[in-house]
*Asks:* 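Handing you this structure, nothing more for now.
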Amino acid sequence: MGRRAYSVGLAAVALATGFLLAGPALTQEKAQDRPQTAQQMTPVRAAYVPVATWLPAWVALDKGIFAKHGLAVTLTPIQNLSLLPGTVGRQFEFAASTPTDLLKAVAGGLDVVASAGEAIEVKSNPTTQVIVRKEGGIKSAADLKGKAIATPTLGGVIHVATLYWLKKNGVDPASIRGVEVPFPNMGDQLKAGNVDAVEALEPFAGALIAGGNVSLGDPLLAAGDEVLFPFWISDGKWARANRPVIKAWIEALTETERDMIANPADTRAILAKYSRLPPDVVQKVPLPTYRFTIKPEELGVWIDVLKDLGQLTVPVDQTKIVVTAP
């Protein structure tokens, strides 16, 4: 069930590195007091980006599933994923992240580790697309040589994946001009001809395609048929000393996914509460494929991608950057 695509409703976002949907103000959402278990519960602070990628944590909090697993969770929305690696161990026990953000933080000397999974990219449920104008004359990745591509973040996982995808299709990544554009503005920039293609994340990707634009494919899948996308990170020292807490976190999220599938109306209501998206949009937002376990080899794929692009020049041991449940 943990790998099931819950496809009627997302992210990336992004990434993210590019996951920049309009969200709530930077206030905290806290678990309700439960006097009968308060003495035994472990306080946990977590940071997320207000998009559907992190929906299971919202549901787990609102439905008391974290509390059921002994966790008194405080969730804090943050708009920029790239800032979070430096906050774990001080402000947060768990923080949202992506492979490129984690690996670059580790390469920079931070003791940060992957502690739990969240979403994976799969062929049956893609969330990211490189999209071009139908009349723009671009028919394939090879046609993007020398073109301008809108990206949510130049150093983020979606743009890294796009450059890798282009290289695998014979395009020199150095020939690409990346232009940082927020997801909501990508359609206008594409229509105006200011960029030749956009790296779009759901629900924006679906809206652009419905508007007559064309997808050239999901760049994330250039790294494999099943690719690690956003996940949870923690301070390394804390994670090594608190594996039972990580285990409870993963078990709570796994149980939550089952609840989400069984109660779609509740799930959509909680998505509306945290994302602040309009009701009609909430009903159409596609959700990613969730998986809450994480393995070193899943990050090894991204180590290889960054090395291939010349963006990772120091050794990173994949076995040392994952500390998860016992």
Side-chain angles (χ1 to χ4, degrees), residues 10-22 51 53 80-82 98-101 119 121-123 125-225 227 229-230 285-286 288 302 305-306 308-311:
L10 189 46
V13 269
L15 236 78
T17 308
F19 293 71
L20 299 177
L21 285 175
V51 295
T53 303
N80 191 339
L81 282 178
S82 64
T98 69
T100 54
D101 288 313
E121 191 80 348
V122 294
K123 285 186 175 181
N125 187 31
T127 65
T128 306
Q129 305 285 339
V130 173
I131 294 175
V132 298
R133 296 185 302 278
K134 184 176 181 179
E135 69 283 2
I138 298 174
K139 305 297 183 183
S140 68
D143 295 330
L144 289 172
K145 180 179 180 181
K147 303 298 185 181
I149 301 179
T151 177
T153 311
L154 288 171
V157 65
I158 295 178
H159 194 56
V160 166
T162 297
L163 295 179
Y164 183 68
W165 170 70
L166 289 169
K167 185 175 181 181
K168 289 187 70 174
N169 282 277
V171 177
D172 181 2
S175 74
I176 299 302
R177 181 168 66 90
V179 182
E180 290 194 347
V181 178
F183 286 123
N185 302 122
M186 286 184 177
D188 290 340
Q189 294 298 305
L190 184 64
K191 183 178 180 179
N194 295 330
V195 295
D196 302 291
V198 300
E199 299 166 4
L201 185 71
E202 293 292 0
F204 303 104
L208 285 169
I209 293 170
N213 299 291
V214 177
S215 170
L216 299 182
D218 184 341
L220 291 163
L221 295 176
D225 292 340
V227 183
F229 202 9
V285 172
W302 288 103
V305 167
L306 287 172
D308 188 71
L309 293 172
Q311 294 190 23

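Every heavy atom of this structure was used, including side-chain atoms; hydrogens, water molecules and symmetry mates were not.
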*Asks:* Rounded to the nearest 0.5 Å, what's the gap from CG on L220 to CH2 on W165? Could you check?
*Replies:*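 Taking CG in L220 and CH2 in W165, the distance rounds to 11.0 Å.
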
*Asks:* Scan side-chain atoms only and decide if E202 and T127 contain a donor-acceptor pair under the 3.5 Å cut-off.
*Replies:*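 Side-chain D/A pair, E202 to T127: absent.
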
*Asks:* Considering non-hydrogen atoms only, spot the tightest contact between W302 and A161 and give its length.
*Replies:*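 The answer is CH2-CB, 4.0 Å.
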
*Asks:* Working to the nearest 0.5 Å, report the span between CD1 of I138 and CD1 of I131.
*Replies:*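 Taking CD1 in I138 and CD1 in I131, the distance rounds to 12.5 Å.
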
*Asks:* For residues A148 and V179, report the shortest heavy-atom separation together with the two atoms involved.
*Replies:*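 The answer is CB-CG2, 4.4 Å.
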
*Asks:* Between Q311 and L163, is the side chain to side chain contact (heavy atoms under 4.5 Å, CB included) condition met? List the steps.
*Replies:* CA-CA 11 Å; Q311 294 190 23; L163 295 179; 4.0 Å; yes

*Asks:* Applying side chain to side chain contact (heavy atoms under 4.5 Å, CB included), run through V130 and L144 and close with a yes or a no.
*Replies:* CA-CA 10 Å; V130 173; L144 289 172; 4.2 Å; yes

*Asks:* Just verifying a value: how many Å separate H159 NE2 and L309 CG, rounded to the nearest 0.5 Å?
*Replies:*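 Result: 9.5 Å between the selected atoms.
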
*Asks:* So, E121 side chain and L221 main chain: donor-acceptor pair closer than 3.5 Å or not?
*Replies:*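 Side chain of E121 to backbone of L221: no pair is present.
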
*Asks:* Within this structure, what is the OG1-CG distance for the pair T128 and D218, rounded to the nearest 0.5 Å?
*Replies:*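 Here the interatomic distance stands at 5.5 Å.
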
*Asks:* Taking all heavy atoms of L216 and all of A141, pick out the closest pair and write down the distance.
*Replies:*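 Scanning both residues completely, I find the closest heavy atoms to be CD1-N, 4.3 Å.
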
*Asks:* How close do N125 and P288 get, heavy atom to heavy atom, and via which atoms?
*Replies:*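 Answer, listing the atom of N125 first, then P288: ND2-C, 3.4 Å.
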
*Asks:* Answer whether the closest heavy-atom distance between the side chains of I158 and F229 falls below 4.5 Å.
*Replies:*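 They are in side-chain contact.
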
*Asks:* Closer than 3.5 angstrom, by distance alone: can the side chain of K147 be matched with the main-chain N or O of A197 as a donor-acceptor pair?
*Replies:*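 Side chain of K147 to backbone of A197: no pair is present.
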
*Asks:* At what distance, to the nearest 0.5 angstrom, does CG of D143 lie from CG of N169?
*Replies:*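 Answer for the CG-CG pair, D143 versus N169, is 10.5 Å.
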
*Asks:* Determine the minimum heavy-atom distance between F183 and P152, stating which atoms define it.
*Replies:*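 Result for this residue pair: CZ-CG, 3.5 Å.
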
*Asks:* Would you sort out whether K145 and D172 count as a side chain to side chain contact (heavy atoms under 4.5 Å, CB included), showing the intermediate values?
*Replies:* CA-CA 7 Å; K145 180 179 180 181; D172 181 2; 5.8 Å; no

*Asks:* Looking at every non-hydrogen atom in both residues, tell me the closest pair between A200 and L208 and how far apart they are.
*Replies:*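 Heavy-atom minimum between the residues: CB-CD1, 3.9 Å.
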
*Asks:* Roughly how far, to the nearest 0.5 Å, is the CG atom of L166 from the CD1 atom of I149?
*Replies:*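 Interatomic distance, I149 CD1 to L166 CG, rounded to 0.5 Å: 5.0 Å.
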
*Asks:* Compute whether any side-chain donor of one residue and acceptor of the other, for T98 and D101, lie under 3.5 angstrom apart.
*Replies:*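 Yes, D101 and T98 have a side-chain donor paired with an acceptor closer than 3.5 Å.
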
